[in-house]
Amino acid sequence: MVNPDSRIWVTGMAWTTALGSALDPVWELLLDDTSGITDVISPLPLRNIRAAVVPGVPLDSPASHRQHELTRTTLSTALADAGIEPDDPALLPVLGTSYGAHLDLTETASLSQWSAAAVRDAGLAAEPVTVTTACSAGSDAILTALALLQEGAAELCVCGGADVLTLGKRLGHSRLGTMAPDELRAFDARHNGTVLGEGAAFLVLETAARARARGARPRGVLAGAASSNDAASAVAPDPSGANVVLAVERALRTAHITPADVSVVNAHGSGTPVNDDVEARAYARLFAEVPSPPVVFATKGAFGHTLGATGAIEAVAVLQALATSMAPPVHGLREPIPQLGLPIPARQPMKIDQGYGISVTLGFGGFNTCLVLQGPGSATP
């Protein structure tokens with residue numbers, strides 16, 4: 001039995017996406033099957049000019065400036081949502097990105113300079129812990145913060161990820177062939193690649209005892225987290241899906257639950273045939289014996305693939321799904337691939353049962369991370 005006072009509450013959260021930054025209005029747009037992907041002109045030939053850009057931060061600004069602003073403003077909003085002052089001496093920031101702006105810089109003094117500058121300008125005193133594990137960086141920042149809190153190495157954390165759209169990333173995915181020639185259609189029979197985006201999301205985490213003592217309002221509970229690594233390829237997952245299963249099973253054990261307790265899955269859903277197939281087979285195996293299998297949804301058709309921010313954005317999406325008991329439709333989904341075999345919403349949102357939600361991210365280099373979350377109603381006084 002887990003001591004209720006030792007559980008880790010989410011007491012604040014914020015996101016900045018191609019559909020906006022307000023929590024509930026963006027969620028409503030997701031439920032309405034709205035996408036922020038649009039044409040974004042490139043000075044060089046690409047496989048596809050479609051991408052998802054955050055409004056309000058000019059795309060022609062230097063990438064390092066855009067990374068800084070996305071991080072600083074979103075992190076500050078998460079702290080304000082939690083009622084935490086940025087100069088709280090207990091506050092430890094844990095930030096993740098893939099390459100951020102570095103891929104397009106001619107010289108890079110430090111791969112963590114972006115995070116240090118952003119938290120300093122947001123008014124935080126502590127130096128950040130910086131995580132870069134490709135597309136799972138946002139999730140791994142949250143996992144790292146959870147471990148620090150559970151081990152008593154921190155009392156209060158703000159954690160998540162930020163990443164910006166750059167020409168270098170668009171060229172890279174275009175040459176790799178992972179970029180869709182038209183649209184991102186996760187788990188659809190017509191899927192043929194991903195579409196890049198940008199954004200940021202941060203969660204404020206603290207123990208239930210600390211949160212109750214200051215009268216904090218819970219956004220949810222981070223019940224567990226775990227990871228695995230394929231060690232199979234620099235850019236492709238292990239096709240068996242065994243390591244995705246391993247990450248989820250480990251995460252469920254840390255939360256002291258079984259697959260039958262999961263009501264909703266936010267899949268990585270990148271839209272590439274290889275990744276979709278791996279995830280579909282993994283979930284079919286994980287939930288094969290569950291009488292009422294969870295609803296699977298994915299958000300990249302709306303937000304684009306935001307790389308190092310995606311895991312944090314999707315953690316917020318899971319908390320929103322649990323809070324509203326609804327999963328948004330997977331944008332572009334018309335004919336689900338048969339190997340999934342689980343409920344998945346197309347065109348319309350789908351009702352979900354009360355229970356636990358998981359968010360799964362798959363990153364280049366074989367990084368697989370699973371976060372286990374509960375809705376605000378689980379954080380009883």
Side-chain angles (χ1 to χ4, degrees), residues 1-10 136 139-140 142-143 146-147 149-151 187 203 205 207-208 218-230 237-238 240-269 278-298 311 314-315 317-327 336 339-345 350-362 367-380:
M1 179 67 70
V2 177
N3 179 354
D5 282 347
S6 68
R7 292 191 304 165
I8 304 304
W9 279 16
V10 179
S136 66
S139 291
D140 286 333
I142 296 169
L143 178 152
L146 176 64
L149 289 161
Q150 290 178 329
E151 295 299 322
F187 300 114
L203 306 181
L205 304 181
T207 63
R219 286 285 194 178
V221 171
L222 180 58
S227 62
S228 68
N229 191 281
D230 294 355
D238 168 17
S240 75
N243 290 289
V244 177
V245 172
L246 180 61
V248 175
E249 289 179 336
R250 285 173 170 172
L252 298 183
R253 283 197 297 270
T254 69
H256 307 284
I257 64 171
T258 70
D261 298 306
V262 178
S263 62
V264 65
V265 176
N266 190 142
H268 190 65
V278 164
E279 277 198 278
R281 293 181 187 279
Y283 302 142
R285 175 177 162 186
L286 280 160
F287 301 106
E289 305 301 321
V290 176
S292 298
V295 173
V296 177
F297 78 101
E314 289 163 5
V318 170
L319 288 168
Q320 290 288 79
L322 293 169
T324 61
S325 298
M326 298 295 289
Q339 55 267 43
L340 180 61
L342 297 175
I344 184 167
M350 187 175 286
K351 184 80 172 174
I352 62 172
D353 295 330
Q354 291 299 309
Y356 290 79
I358 64 172
S359 178
V360 180
T361 52
L362 280 61
F367 294 104
N368 309 299
T369 304
C370 177
L371 306 176
V372 184
L373 297 140
Q374 291 177 277
S378 65
T380 54

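- For the atom pair CD of Gln374 and OG of Ser263, the computed distance is 10.0 Å after rounding to the nearest 0.5 Å.
- Across Leu319 and Gly220, no two heavy atoms sit closer than the pair CD2-CA, 4.0 Å.
- For the pair Gly269 and Ala298, the tightest heavy-atom approach, listed with the atom from each and the gap, is CA-CB, 4.1 Å.
- With rounding to the nearest 0.5 Å, the separation of CD1 in Ile8 from CG in Leu222 is 7.5 Å.
- The nearest pair of heavy atoms linking Pro259 to Phe287 is O-CE2, 3.5 Å.
- For the 3.5 Å distance criterion, the side chains of Ser325 and Gln354 qualify, holding a donor opposite an acceptor.
- Note: Leu373 CG to Ile142 CD1 = 7.5 Å, rounded to the nearest 0.5 Å.
- At distances below 3.5 Å, not a single donor-acceptor pair connects side-chain atoms of Thr254 with backbone N or O atoms of Gly224.
- When all heavy atoms of Pro294 and Val265 are compared, the pair lying nearest together is CG-CG2, 3.9 Å.
- The shortest distance between side-chain heavy atoms of Ile358 and Leu371 does not fall below 4.5 Å.
- Residues Ile352 and Phe297 have side chains not in contact (no heavy-atom distance under 4.5 Å, counting atoms from C-beta outward).
- Every side-chain contact (heavy atoms from CB on, under 4.5 Å) that Met350 has, sequence neighbours left out, goes to Val295, Pro343, Pro345.
- Glu314 is linked by a salt bridge (charged side-chain N to carboxylate O under 4.0 Å, His left out) to Lys300, counting only residues two or more places apart in sequence or in another chain.
- Annotation: salt bridge (charged side-chain N to carboxylate O under 4.0 Å, His left out) contacts of Arg281 (sequence neighbours excluded): Asp277.
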### Task
Determine, stepwise, if the pair Asp261 / Leu252 fulfils side-chain contact (heavy atoms from CB on, under 4.5 Å).
CA-CA 9 Å; Asp261 298 306; Leu252 298 183; over 6 Å; no
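- To the nearest 0.5 Å, atom NE2 of residue His268 and atom CZ of residue Phe187 are 9.5 Å apart.
- Inter-residue side-chain proximity for Leu143 and Ser227 is flagged as met; some heavy-atom pair is nearer than 4.5 Å.
- Taking the side-chain contact (heavy atoms from CB on, under 4.5 Å) definition, one finds that Ser228 meets it with Asn243, Leu246, Ala247, Arg250, Asn368, sequence neighbours left out.
- Heavy atoms only, all atoms of each residue included: Ala282 and Gly241 are closest at CB-O, 3.8 Å.
- Under the side chain to side chain donor-acceptor pair (under 3.5 Å) criterion, Asn266 pairs with no residue at all, not counting sequence neighbours.
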#### Entry: Trace of the side chain to side chain donor-acceptor pair (under 3.5 Å) decision for Thr361 with Ser139
CA-CA 7 Å; Thr361 52; Ser139 291; 3.2 Å; yes
### Task
Let me see the working for Trp9 and Thr207 under side-chain contact (heavy atoms from CB on, under 4.5 Å), right down to the final yes or no.
CA-CA 6 Å; Trp9 279 16; Thr207 63; over 6 Å; no
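- Heavy atoms only, all atoms of each residue included: Leu342 and Val296 are closest at CD1-CG2, 3.8 Å.
- Rounding to the nearest 0.5 angstrom, the gap separating the CD atom in Glu279 from the CG atom in Leu286 is 11.0 Å.
- Residues forming a side-chain contact (heavy atoms from CB on, under 4.5 Å) with Ala242 (at least two apart in sequence, or on another chain): Asp238, Ser240, Arg285.
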